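A short write-up of the structure that comes next.
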Amino acid sequence: MKLVVVKNDQEMSQTAARFIMEQVKRHPHSVLGLATGGTVVGTYAQLIDLCKLEKQSFQHVRTVNLDEYVGLSSENLNSYHYFMRDHLFDHIDIPVENYHLPNGLAKIPANECERYEQLIESLGGIDLQLLGIGRNGHIGFNEPGTSFLSRTHVVRLTESTRQANARYFPSLEEVPTEAITMGIATIMNSKKILLLVSGKHKANILQQLFYGPLDERIPASILKTHPHVTIIADEEAVSLLDRNDLEVNMT
Ligand code: F6R
């Protein structure tokens with residue numbers, strides 16, 4: 001894992017947007033795996049600015065998102081579908097048929113998982129997967145205890161994840177109890193992975209990721225075995241890492 005330490009959330013977003021931009025410039029037909037959540041909001045904003053500034057087209061880019069809530073339509077303000085349009089897709093020239101998320105309203109969610117896996121395969125796999133990380137180490141909605149071999153599947157959300165996400169909903173009761181998520185093996189199949197970590201509240205999990213064991217109780221720990229992972233983390237997030245580990249990696 002390559003660690004890039006940056007000053008703060010803003011610098012993390014700029015560095016991440018540049019990283020994604022370089023991928024698209026080099027490979028305009030890239031398949032990007034995308035994430036939602038607070039961590040990536042700034043990255044998408046910077047990416048939109050870069051696209052305008054550098055007149056970069058996303059006409060041929062295809063995207064697949066990590067996850068979606070079960071029971072929410074793409075028009076629901078709290079769906080990840082809506083989040084992605086609001087924060088990225090509506091502001092760049094990616095054609096609507098080129099971006100994909102699991103369908104939260106699928107009649108048979110298990111079949112939707114199968115369809116999503118096949119879709120990713122038919123696109124030729126993911127070239128670059130963007131990830132955030134939960135305080136408990138989850139990636140996508142893969143909560144602690146999820147098999148490292150898992151493929152796209154339906155998950156029951158833990159109370160801690162529902163509570164963490166409740167800030168986006170009118171009340172905790174309205175946070176869905178299930179989601180469809182790419183599995184850990186699906187994520188690990190990506191050719192490259194970019195993990196973004198910012199804030200003091202993520203320092204503990206980043207420390208565990210670095211010094212803890214490879215353990216299904218910490219889903220993100222599997223990333224240590226991937227050959228091409230870049231972590232962009234801010235100073236608060238790396239505050240519990242060893243100085244020696246940081247100095248060689250400082251940008
Ligand atoms: C979102 C996702 C989640 C988030 C994680 C961190 O698509 O898959 O794993 O990346 O929950 O969320 P934030 O960025 O809100 O701290």
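Note that this is a predicted model, so its numbers are computed, not measured. In each ligand, atom 1 is the first atom listed, and ligand 1 is the first ligand listed.
- The Gly37 neighbourhood of ligand 1 comprises atoms 14 (O), 15 (O), with distances under 4.0 Å to a heavy atom of that residue.
- Nearest protein heavy-atom contact of atom 4 (C) of ligand 1 is Thr36 O, 4.0 Å.
- Listed for the Asp67 side chain is no donor-acceptor partner under 3.5 Å among the backbone atoms of Met182.
- Residue Arg135 places every heavy atom at 4.0 Å or more from ligand 1.
- Protein heavy atom in closest approach to atom 5 (C) of ligand 1: His138 NE2, 3.5 Å.
- Of the charged side-chain nitrogens involved, at least one lies within less than 4.0 Å of a carboxylate oxygen, so that Arg162 and Glu159 count as a salt-bridged pair.
- Contacts of Ile133 with ligand 1, taken as heavy-atom pairs under 4.0 Å, involve the backbone alone.
- A donor-acceptor distance shorter than 3.5 angstrom exists from the side chain of Ser79 to the backbone of Ser73, with no hydrogens or angles considered.
- Each of the following atoms of ligand 1 lies closer than 4.0 Å to a heavy atom of Asp67: 1 (C), 2 (C), 7 (O), 8 (O).
- Close contacts between ligand 1 and Gly140 involve ligand atoms 2 (C), 3 (C), 8 (O), 9 (O) [criterion: under 4.0 Å to a heavy atom].
- The protein atom (non-hydrogen) at minimum distance from atom 16 (O) of ligand 1 is Lys202 NZ, 2.8 Å.
- Against a heavy-atom cut-off of under 4.0 Å, Gly132 is close to the following atoms of ligand 1: 10 (O).
- The protein atom (non-hydrogen) at minimum distance from atom 15 (O) of ligand 1 is Gly38 N, 2.9 Å.
- The proximity of Thr39 to ligand 1, defined as any non-hydrogen pair under 4.0 Å, involves the side chain as well as the backbone.
- Within ligand 1, the atoms closer than 4.0 Å to a non-hydrogen atom of Leu66 are 8 (O), numbered from 1 in the order shown.
- Using a 4.0 Å cut-off to heavy atoms of Arg167, the atoms of ligand 1 that qualify are 15 (O).
- Residues Val70 and Glu112 form no side-chain contact, since every pair of their non-hydrogen atoms from C-beta on lies 4.5 Å or further apart.
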Please test Ser13 against Gln46 for side-chain hydrogen bond (donor to acceptor under 3.5 Å, both in side chains), starting from the C-alpha separation and ending with a verdict. CA-CA 7 Å; Ser13 302; Gln46 296 284 344; 5.9 Å; no

Begin with the C-alpha distance, continue with both residues' side-chain angles, and end with the deciding distance and a verdict on side-chain hydrogen bond (donor to acceptor under 3.5 Å, both in side chains) for Ser221 and Asp215. CA-CA 6 Å; Ser221 65; Asp215 190 326; over 6 Å; no

